[in-house]
Number of protein chains: 2
Amino acid sequence: MYHSSNLQFQSREIGFSARPGETLFVQGDPCAKILRLRTGVARAVDYSLNGFRQVMAFFFPGDVLGFPLAAEQRYSVEAVSELSFTVHSPMGWATKPSCAGNQELQALDAIWREEKAFIARGLMLGRAGSMTRIGAFLAYAIRHLPAEDDIYDFPLPQSDIASYLATSPETVCRMFRQLREMEVIAIPRKDRLQVLDRHKLGRIAEGLWQ
Amino acid sequence: MYHSSNLQFQSREIGFSARPGETLFVQGDPCAKILRLRTGVARAVDYSLNGFRQVMAFFFPGDVLGFPLAAEQRYSVEAVSELSFTVHSPMGWATKPSCAGNQELQALDAIWREEKAFIARGLMLGRAGSMTRIGAFLAYAIRHLPAEDDIYDFPLPQSDIASYLATSPETVCRMFRQLREMEVIAIPRKDRLQVLDRHKLGRIAEGLWQ
DNA sequence: CGACTATTTGAAGGGACTCAAGGCGTGTGG
DNA sequence: CCACACGCCTTGAGTCCCTTCAAATAGTCG
């Protein structure tokens, strides 16, 4: 579980929640509020002009969304699972890289976590082979998901994973089955993921399996 | 080769240059200097542990590299073409989203431009089909490259484009040939790219051609 | 229960990769 | 100045992985 009680922000924290599928930001909206995810998973989605939809990133507990780098939201944000988050004002989120002030570091760290999420996708998409991409994605996801005894909360629909990895839902399903048959993972229950062989998963993510 | 020895960390601008292939940053280096590209093209490269190399982004004139979001450089930066750039110190690059101060906006804009570069790649890799990706890449690149009369300086080797787009150099070559036969582009000379049909290029980038 | 969505599985076809060889351009050294 | 080497681009042929299409099953929510 993730506890943000030790993180202090200057403005008052307000607790919010959202149901799966709910939209938090819409691409193009003015940047007016900053969200810090406490529990649950959210996705950044790009809707291109010709109706094509693309999952650009997943956000996990601790991530900060909506930092006003630009004047407008650069992507839509939708809840994947049940969310709880806090809302902050952009005011006072000053960042000064040279100073080690607490607040400044928080803002830089928030921006960096967001950018990391996009870079991570790029690195996965750069790898060849569906199995490699799926393996890399699982290794990435479980580093950010809460777990009990190697059993992770895994609320990500395969269709979102497929969009994120630029592949088809059928391929995602087939790779999951293969991973189950290889006894690398198990699905004890819906929205749960058990990692049976962390080491082999790492090798798959690097493209060296079989 | 590597420059850090002769770089001075001052708040004033110093002009520098680099030859094609030169390395400006190495992944993992401490973030000590900020570069602003004046002319030329640079690439951000990721070297993974198993020796796999991946071009993660291209940087164009006006972009800022090496902003210390994290303690260490997040990628290596290499010159693609002849570069000229200025070096800045991280000191004084304070950012405060709520204030409209000049320097503050510069830093936020610099971060945003960098992040945009990574996001752009993700959006391209998410598209299906080599032709769509190449088209989207060309449309993206020429928005950042200097030109005279629709003839752009295009110093990007096809091997870099292939790595960037997660495809093979052969495929890049074939798509270029097809674009030439379709009279969308022309290559009047090495390192030059002429756009003959901007509109058709846009349609190709959206996945609707033929 | 029944409608809906998400997942699963199979079959077939095509697009991109790999492998291999040849051409082109550039820089270097004899 | 020429010959050569090297890297990059080009082109062809064959193979395979992944997509598409189609249909069945499972899970969810009213």
Side-chain angles (χ1 to χ4, degrees), chain A residues 19-22 41 43 52-55 78-82 124-135 137-138 154-181 185-193 204 207 209-210, chain B residues 19-21 41 43 52-55 78-82 124-138 154-181 185-193 204 207 209-210:
Chain A
R19 304 206 53 79
E22 244 182 85
V41 179
R43 59 178 176 244
F52 192 71
R53 198 189 95 111
Q54 203 173 144
V55 175
E78 302 164 0
V80 174
S81 60
E82 188 87 22
M124 291 180 211
L125 291 178
R127 303 313 189 78
S130 297
M131 183 54 99
T132 304
R133 289 215 287 268
I134 301 271
F137 175 73
L138 290 180
F154 194 81
L156 312 173
Q158 293 185 10
S159 52
D160 279 351
I161 299 174
S163 174
Y164 181 82
L165 294 178
T167 187
S168 67
E170 293 93 332
T171 297
V172 173
C173 176
R174 281 183 249 265
M175 295 302 123
F176 267 74
R177 179 163 62 89
Q178 209 171 326
L179 285 172
R180 261 183 280 125
E181 288 166 357
I185 63 169
I187 316 277
R189 143 148 78 108
K190 195 161 188 353
D191 293 352
R192 287 280 138 75
L193 178 81
I204 290 171
W209 87 103
Q210 278 172 1
Chain B
R19 304 205 55 79
V41 179
R43 58 178 177 245
F52 193 70
R53 194 189 99 113
Q54 204 172 143
V55 175
E78 303 164 0
V80 174
S81 60
E82 189 88 21
M124 291 179 212
L125 291 179
R127 302 312 188 78
S130 296
M131 183 53 99
T132 304
R133 291 216 286 267
I134 300 274
F137 175 73
L138 289 180
F154 195 80
L156 312 173
Q158 292 185 10
S159 51
D160 279 351
I161 299 175
S163 173
Y164 181 83
L165 294 178
T167 187
S168 67
E170 293 93 333
T171 298
V172 174
C173 176
R174 280 183 249 265
M175 296 302 122
F176 267 73
R177 179 162 63 89
Q178 208 170 328
L179 285 172
R180 259 184 281 125
E181 287 166 355
I185 64 168
I187 317 277
R189 145 148 76 107
K190 196 162 186 355
D191 292 352
R192 288 277 138 71
L193 178 80
I204 290 171
W209 87 100
Q210 281 169 3

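Naming convention: chains lettered A, B, ... in sequence-line order (proteins, then strands); numbering from 1 in each chain.
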Whole angstroms only, please: what is the [atom1]-[atom2] distance between [X] and [N]?
| X | N | atom1 | atom2 | answer |
| --- | --- | --- | --- | --- |
| A:L193 | C:dT7 | CG | P | 13 Å |
| A:D191 | C:dT5 | CG | C1' | 14 Å |
| B:E170 | C:dG22 | CD | P | 16 Å |
| B:K190 | C:dC24 | NZ | P | 14 Å |
| A:R177 | D:dA26 | CZ | P | 15 Å |
| A:F176 | C:dT8 | CZ | P | 9 Å |
| B:I187 | C:dG25 | CD1 | P | 13 Å |
| B:E181 | D:dT10 | CD | P | 12 Å |

**Most 5' of B:C173 and A:R133 on DNA chain D, judged by nearest nucleotide** = B:C173

**Asked** Of B:P157 and A:M131, whose closest DNA chain D nucleotide lies nearer the 5' terminus?
**Response** B:P157

**Prompt:** NA contact type, A:T171, heavy-atom cut-off 4.0 Å: base, sugar-phosphate, or nothing?
**Reply:** base

**Request:** Look at all strands and tell whether A:R180 reaches a base, only sugar-phosphate, or nothing, counting heavy atoms closer than 4.0 Å.
**Result:** sugar-phosphate

**Item:** A:F154 and A:F137 aromatic ring geometry - parallel, tilted or perpendicular at 30°/60° bounds
**Value:** perpendicular

**Request:** Kindly check if the number of other-residue, nucleotide or ligand heavy atoms within 6.0 Å of CZ (B:R53) is above 12?
**Result:** yes

**salt_bridge(B:E170, B:R174) N-O dist < 4.0 Å** = no

**Request:** Using only side-chain N and O atoms of A:S130, determine if any of them is under 4.0 Å from OP1 or OP2 of D:dC18.
**Result:** yes

**Request:** Taking only the side-chain nitrogens and oxygens of A:T167, find out if one of them lies under 4.0 Å from OP1 or OP2 of D:dT19.
**Result:** yes

**Asked** With a 3.5 Å cut-off and just heavy-atom distances, do the side chain of A:R174 and the base of D:dT20 make a donor-acceptor pair?
**Response** yes

**Request:** For the residue pair B:L138 and B:F176, establish whether any side-chain heavy-atom pair is separated by less than 4.5 Å.
**Result:** yes

**Prompt:** Between A:P169 and B:S168, which has a closest nucleotide on DNA chain C that is more 5'?
**Reply:** A:P169

**Complete:** Tightest non-hydrogen contact, residues B:T132 and B:G207, listed as OG1-CA, 3.7 Å

